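Structure first, commentary second.
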Amino acid sequence: MDLLIGNVLANAARVAPSALAATLGDQRITFADLDDASNRMARALAAAGVGHGDRVVWWGDTTLDALPLFGGLARLGAVFAPLNAHFGPDEAVPVVEHATPRLLVTDAAHRDLGAAVAGATGVAIAQLGPGSGTDLDRKARDAAPDSVVTPGLRETDPHVVFFTSGSSGAPKGVVLSHRANWLRTAAAATTTSGGRGVVCMFPLFHMAGWTIALGAWQARRAVHFVATPDAPTLLATTERERAARLYCIPAVWSRIVEHGVAGYDLTALEEADTGTSATPPELLAAIKAALPHTVTRVFYGSTEAGPGVQLGDADLFRKPGSVGVAQPGVEVRVADDGEVCLRSPYLFDGYLDDPDATAAALVDGWYRTGDRGVLDTDGYLSITGRIREVIRTGGETVAPGEVEAVLGTHPALAEVAVVGVPDPTWGEVVTAVVVLRPGAPSPTLDDLRDHCT
């Protein structure tokens, strides 16, 4: 069987058609319905001129309407390219221009913003969601649900492009193949949770959101999305859905611990996992104290590398500060300059239309992470800092130059320097050092924050 993402949904629909594939609040969709909707969407997209190898940008909030789009594009062999839902037009236009998509698809909330970006870039636009009434919606509703097979589609073909900031601040598109995404998520199929689902705190423009979803679907489990990743919503969703796994970044776990878990029935929860940024031992101890019946693991990886390293529950306090050992199929080494390098069968294929950045990041099959680290004699990796000029905050990569460019347009500022300051909750916090123009009124912190939004 080819390792195609469309096959993940088709297999789940064949084995467990009536099982839940996903929820969002009161909305629910089964594997059979998701498989049918994906095939209908594939036919609607083909009628709109989207074909094998074309890119389609999705710009929307977390919504179940994105799932058939994701599945339909996979069936066609077209490429799903989500755009950060928090972008404004000035941020979106260069990313869309870089993506050169066949189509820009938005939800209702991004309709007007999408129209502005489509007008600026010359890209065709469509909208999904209740009441949108677009041709794409109508064609999907009217299309046949029969399975769509794309001749010539290979598992090594591009499946998604996730956009991330580089050290220069320019958007970089991380290209992942069907095979890479399939292998990254296949281990979840060995779960022993009795079919109970996974709560996902990540938005659907983020790689982690789709990795968690695909991992659940490989195991024929539901993924339970949330509109906002606040502590009450995450805990209430975990309780209501009797979820077996909750994965949160350290900053969100801090909020959950502060909020407290008393009053929630979390007895079905088996895994309370974390990662994406530094996790202090004190926070791990607090998670274990709040949820003593669960296992907790720390994951280290990136959009380019996937989940490459894991610290198991038994090692949390035996190896404090470590992010663990290489996962099966992954090799880890530390280069002479201290940079952590990873090699595996599911690395990204490169950066979209950026051979220089690709050559710098992928050297002899090894991905240079930009992190500085050390390996102990047992093979456990610890991250000690950054080699490259980026800030890692709350699981996101921020280029200082991007923030400096925006703050530099404030009329009261003569000079700006942005750095990452270590923080026990966020890993690093984005911090600006500014010099006022002579005679300019001193802006408040809120003034500068408002200028950046």
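The structure displayed is predicted, hence computed values, not measured ones.
Note on ring orientation: taking the six-membered ring where Trp is involved, the planes of His410 and His451 are perpendicular (angle over 60°, cut-offs 30° and 60°). Between His98 and Phe163, the ring-plane angle classifies as perpendicular under the 30° and 60° cut-offs. Ring geometry for Tyr247 against Phe202 counts as tilted: the plane angle lies between 30° and 60°, on a 0 to 90° scale. Between Phe80 and Trp210, the ring planes are perpendicular. Angles over 60° get that label, and only those under 30° would be called parallel. Classified by interplanar angle (parallel below 30°, tilted 30° to 60°, perpendicular above 60°), the ring pair His110/Trp59 is tilted.
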Leu45 and Leu76: CA distance, side-chain angles, deciding distance, side-chain contact (heavy atoms from CB on, under 4.5 Å) verdict:
CA-CA 8 Å; Leu45 289 163; Leu76 287 178; 3.7 Å; yes
Between Glu241 and Arg196, does the salt bridge (charged side-chain N to carboxylate O under 4.0 Å, His left out) criterion hold? Intermediate values first, please.
CA-CA 8 Å; Glu241 304 298 346; Arg196 294 192 308 281; over 6 Å; no
Could you go through the side-chain contact (heavy atoms from CB on, under 4.5 Å) check for Tyr380 and Leu375 one step at a time?
CA-CA 5 Å; Tyr380 284 74; Leu375 284 166; over 6 Å; no
Evaluate the side-chain hydrogen bond (donor to acceptor under 3.5 Å, both in side chains) criterion for residues Asp265 and Thr267: first the C-alpha distance (whole Å), next the side-chain angles of each, then the deciding distance (0.1 Å), finally the verdict.
CA-CA 6 Å; Asp265 180 1; Thr267 53; 2.7 Å; yes
Does the side-chain hydrogen bond (donor to acceptor under 3.5 Å, both in side chains) test come out yes or no for Thr185 and Gln218, once each step is laid out?
CA-CA 7 Å; Thr185 58; Gln218 292 261 27; 3.2 Å; yes
In sequence, state the C-alpha distance, the side-chain angles, and the governing distance for Ile249 and Met201, and then conclude on side-chain contact (heavy atoms from CB on, under 4.5 Å).
CA-CA 9 Å; Ile249 64 173; Met201 61 148 283; 4.1 Å; yes
Take Arg75 and Leu9 through the side-chain contact (heavy atoms from CB on, under 4.5 Å) test and state the conclusion after the steps.
CA-CA 10 Å; Arg75 296 277 163 79; Leu9 293 175; 3.8 Å; yes
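To the nearest 0.5 Å, atom CG of residue Leu352 and atom OG1 of residue Thr100 are 6.5 Å apart. Taking CZ of Arg111 as the start and CD of Gln127 as the end, the distance is 5.5 Å to the nearest 0.5 Å. Residue Phe225 holds its CZ atom at 8.5 Å from OG1 of Thr23, rounded to the nearest 0.5 Å. We find the CG-OH distance between Leu342 and Tyr367 to be 8.0 Å, quoted to the nearest 0.5 Å. Here OG of Ser254 is found 7.5 Å from CD1 of Ile287. Values are rounded to the nearest 0.5 Å. Distance CZ/Phe299 to CD/Gln310: 4.0 Å, rounded to 0.5 Å.
In this structure a side-chain-to-backbone donor-acceptor pair under 3.5 Å is missing from Thr228 to Asp230. In this structure a side-chain-to-backbone donor-acceptor pair under 3.5 Å is missing from Thr303 to Met207. In terms of modelled atom types and a separation under 3.5 Å, the side chain of Thr431 and the main chain of Gly420 share no donor-acceptor contact. No donor-acceptor pair closer than 3.5 Å links the side chain of Thr279 to the backbone N or O of Gly275. For the pair Thr106 (side chain) and Gly114 (backbone), a donor-acceptor distance under 3.5 Å is absent. Trp253 places no side-chain N or O within 3.5 Å of a backbone atom of Ala286 that could act as its donor or acceptor partner.
Counted by atom type alone, Thr444 and Asp446 present zero donor-acceptor pairs between their side chains at under 3.5 Å. Under the 3.5 Å distance criterion, with hydrogens and angles disregarded, no donor-acceptor pair is assigned to the side chains of Asp61 and Thr63. Using modelled atom types and a 3.5 Å distance limit, the side chains of Glu97 and Thr121 yield no donor-acceptor pair.
The two residues Pro89 and Val117 make their nearest non-hydrogen contact at CA-CG2, 4.0 Å. Minimum interatomic distance between Arg55 and Ala99 (heavy atoms only, all atoms of both residues): NE-O, 2.5 Å. When all heavy atoms of Gly51 and Ala78 are compared, the pair lying nearest together is O-CB, 3.6 Å. Nearest heavy atom pair, residue Cys248 against residue Leu234, reads SG-CD1, 4.0 Å. What you find for Ala222 and Ala22 is that their closest heavy atoms are CB-N, 4.4 Å. Here the closest non-hydrogen pair linking Ala361 and Tyr351 is CB-CE1, 3.7 Å.
Contact of the Val79 side chain with the Leu73 side chain is not registered, since no non-hydrogen atoms from C-beta on lie closer than 4.5 Å. Residues Val309 and Val325 fail the side-chain proximity criterion, which asks for heavy atoms closer than 4.5 Å. Annotation: side chain of Trp58 is in contact with side chain of Leu69 (closest heavy-atom distance under 4.5 Å). In this structure, Leu413 and Val435 have side chains that are not in contact, with every pair of non-hydrogen atoms separated by 4.5 Å or more. Here the side chains of Leu34 and Trp217 are in contact, with some heavy-atom distance below 4.5 Å. For the pair Met41/Leu136, a side-chain contact is recorded, criterion being any heavy-atom separation below 4.5 Å from C-beta on. The closest side-chain heavy-atom distance from Val198 to Arg221 is below 4.5 Å. Looking at heavy atoms from C-beta onward, His159 lies out of side-chain contact with Leu176 at the 4.5 angstrom threshold.
When each of Arg179, His52, His178 is paired with Asp157, the side chain to side chain donor-acceptor pair (under 3.5 Å) condition holds for His52 and for no other.
For the pair Glu271 and Arg297, the salt-bridge criterion is met [side-chain N within less than 4.0 Å of a carboxylate O]. Here Asp313 pairs with Lys288 in a salt bridge; the nearest charged N to carboxylate O distance falls below 4.0 Å. Between Asp354 and Lys172, none of the side-chain N atoms (NZ, or NE/NH1/NH2) sits under 4.0 Å from a carboxylate O, so this pair counts as no salt bridge. With respect to Lys319 and Asp378, a salt bridge is recorded, a charged nitrogen being found less than 4.0 Å from a carboxylate O.
Counting non-hydrogen atoms of other residues, nucleotides and ligands closer than 6.0 Å to CZ of Arg240 gives a total above 12. Enclosure of atom CG in Asp337 by more than 12 non-hydrogen atoms of other residues, nucleotides or ligands within 6.0 angstrom is indicated.
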